[in-house]
Amino acid sequence: MTRALVLTSSILAGNSLSLAEHFQAQAAGVDGLEVTTRDLVADDLPHLTQPELASWQVPAEQRSAAQRELAARSDGLIEELLAHDVLVLAVPLYNLGIPSQMKAWFDRVMRAGTTFRYTENGPQGLVEGKRAVILAARGGQYAGSEFDSQTPHLKHMFGLMGIREVDVVFAEGLAMGEAQREAALAEARQAIGGLVERLA
Ligand SMILES: Cc1cc2nc3c(=O)[nH]c(=O)nc-3n(C[C@H](O)[C@H](O)[C@H](O)COP(=O)(O)O)c2cc1C
């Protein structure tokens, strides 16, 4: 059984073009693929702060009640990540970057000493045997150019934790007219269908 964790981060709710929903619908008909979904917008994680960061440094049995509550955010999200085989990130491009809700998730799961560690030779990822899929939806067209500031950033963050197998499905030019939008979505949906079969 392959377990996939789908993370959504669109603020557009009902108006979202939702490549994630397409992934879920395709996966529903496939034996051997189990999907869990986390809506990072609904989670509304706050920015990472010093007290929360500091709570991770305190051994679990020595944490105060407040530190236990703060550390639980990161602990729970890392536990969830480790319990899945594939991370599927549905990522709209917002102001040339990832949604801040998704950054707040990365700030909780990229934890020195837990998901990666610093060594004399640089950082070493501690998350083994996982792969990731990025479902990238954009109003404009950036893939393969220096203006795609989002997917290299996501790959770097995954790479730091040791996740190096990353597939990217682009749906680009979604704000560039009806024809481009329909063509891009059709292509992305087809790619997602192929990926789902390979993942199972
Ligand atoms: C706040 C906001 C910022 C956006 N910034 C960009 C941008 O910088 N570049 C771009 O190509 N599209 C931008 N878009 C368009 C979205 O990337 C596009 O609508 C995408 O389809 C959103 O995915 P979703 O339908 O899953 O929410 C932006 C949309 C919103 C709501």
Side-chain angles (χ1 to χ4, degrees), residues 1-9 19-20 23-24 26-28 30-40 43 45 48 52-63 67-68 70-91 97-136 143 148-170 191-200:
M1 175 65 71
T2 302
R3 284 154 302 177
L5 175 63
V6 176
L7 297 161
T8 62
S9 58
L19 299 179
F23 181 95
Q24 287 157 329
Q26 294 286 302
V30 175
D31 284 338
L33 187 58
E34 195 178 271
V35 176
T36 314
T37 303
R38 173 174 290 284
D39 178 352
L40 294 172
D43 280 0
L45 287 165
L48 183 60
E52 186 172 343
L53 190 70
S55 74
W56 305 345
Q57 322 298 335
V58 182
E61 63 284 358
Q62 291 171 27
R63 285 176 190 150
Q67 286 171 330
R68 275 200 297 277
L70 289 175
R73 286 181 194 144
S74 166
D75 287 347
L77 292 173
I78 290 173
E79 202 178 306
E80 182 177 61
L81 183 162
L82 296 177
H84 291 81
D85 309 293
V86 189
L87 301 172
V88 181
L89 270 62
V91 201
I98 63 173
S100 54
Q101 290 88 345
M102 184 157 279
K103 180 64 166 63
W105 179 83
F106 273 103
D107 284 343
R108 299 317 188 302
V109 300
M110 293 176 70
R111 188 163 142 188
T114 305
T115 52
F116 71 97
R117 67 189 177 106
Y118 292 110
T119 74
E120 287 171 1
N121 303 317
Q124 182 195 6
L126 298 174
V127 177
E128 286 170 8
K130 315 279 177 212
R131 57 187 299 157
V133 175
I134 297 169
L135 306 177
D148 182 3
S149 49
Q150 191 187 45
T151 49
H153 177 52
L154 286 165
K155 285 182 180 175
H156 277 140
M157 290 194 286
F158 280 132
L160 190 80
M161 293 189 284
I163 303 170
R164 297 219 159 68
E165 270 188 85
V166 183
D167 289 291
V168 185
V169 174
F170 290 104
I192 289 170
L195 256 176
V196 164
E197 278 177 28
R198 277 200 282 133
L199 292 175

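If you read the sequence from its start, that first residue is 1, and numbering goes on from there.
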Spacing of Leu154 atom CG and Leu87 atom CG [to the nearest 0.5 Å]
11.5 Å
What's the shortest heavy-atom distance between Val88 and Leu135, and which atoms?
CG1-CD1, 3.8 Å
Begin from the C-alpha positions of Thr114 and Leu126 and carry the test side chain to side chain contact (heavy atoms under 4.5 Å, CB included) through to its verdict.
CA-CA 7 Å; Thr114 305; Leu126 298 174; 6.0 Å; no
Please, which pairs that meet salt bridge (charged side-chain N to carboxylate O under 4.0 Å, His left out) have at least one residue in residues 111-127, sequence neighbours excluded?
Asp75-Arg111
Are Met157 and Val109 side-chain neighbours, meaning at least one heavy-atom pair lies under 4.5 Å?
no
My understanding is that only residues two or more places apart in sequence, or in another chain, count here; which of them pass side chain to side chain contact (heavy atoms under 4.5 Å, CB included) with Ala72?
none
Could you tell me whether the side chain of Ser9 and the main chain of Leu40 form a donor-acceptor pair under 3.5 Å?
no
Please give me the minimum heavy-atom distance between Lys130 and His84, naming the atom from each residue.
NZ-O, 2.8 Å
Test side chain to side chain contact (heavy atoms under 4.5 Å, CB included) on Leu77 and Leu45; report intermediate values, then the result.
CA-CA 11 Å; Leu77 292 173; Leu45 287 165; 3.9 Å; yes
Using modelled atom types and a 3.5 Å cut-off, is there a donor and acceptor pairing between side-chain atoms of Arg38 and backbone atoms of Leu5?
no
How long is the gap from CZ on Arg68 to CG on Leu70, to the nearest 0.5 Å?
11.5 Å
Can you check whether Phe158 reaches Arg131 side chain to side chain, under 4.5 Å on heavy atoms?
no
Distance col, row Leu53:CG vs Arg108:CZ, nearest 0.5 angstrom, shows 10.0 Å
Say you draw a straight line from CE of Met161 to CE of Met110; how long is it, rounded to the nearest 0.5 Å?
5.5 Å
Report the distance from atom OG1 of Thr2 to atom CG of Asp31, rounding to the nearest 0.5 Å.
11.5 Å
Close side-chain approach of Arg198 to Asp167, heavy-atom, < 4.5 Å
yes
List the atom of Leu33, the atom of Ala27, and the distance in Å for their closest heavy-atom pair.
CD2-CB, 3.7 Å
Quick one: side-chain hydrogen bond (donor to acceptor under 3.5 Å, both in side chains) partners of Glu34, sequence neighbours excluded?
none
Could you tell me whether Gln124 atom CD has more than 12 heavy atoms of other residues or ligands within 6.0 Å of it?
yes
Can you name the side chain to side chain contact (heavy atoms under 4.5 Å, CB included) partners of Glu128, sequence neighbours left out?
none
Can you tell me how far the CD1 atom of Ile134 sits from the OG1 atom of Thr151, to the nearest 0.5 Å?
6.0 Å
Quick one: side chain to side chain contact (heavy atoms under 4.5 Å, CB included) partners of Ala143, sequence neighbours excluded?
Phe170, Glu172
Heavy atoms of Ala136 and Gln150 approach each other most closely as CB-OE1, 4.3 Å
With a 3.5 Å cut-off and sequence neighbours excluded, list the donor-acceptor pairs that the side chains of residues 98-106 form with protein atoms.
residue, atom, partner, partner atom, Å
Lys103, NZ, Asp107, OD1, 2.7
Lys103, NZ, Asp107, OD2, 3.3

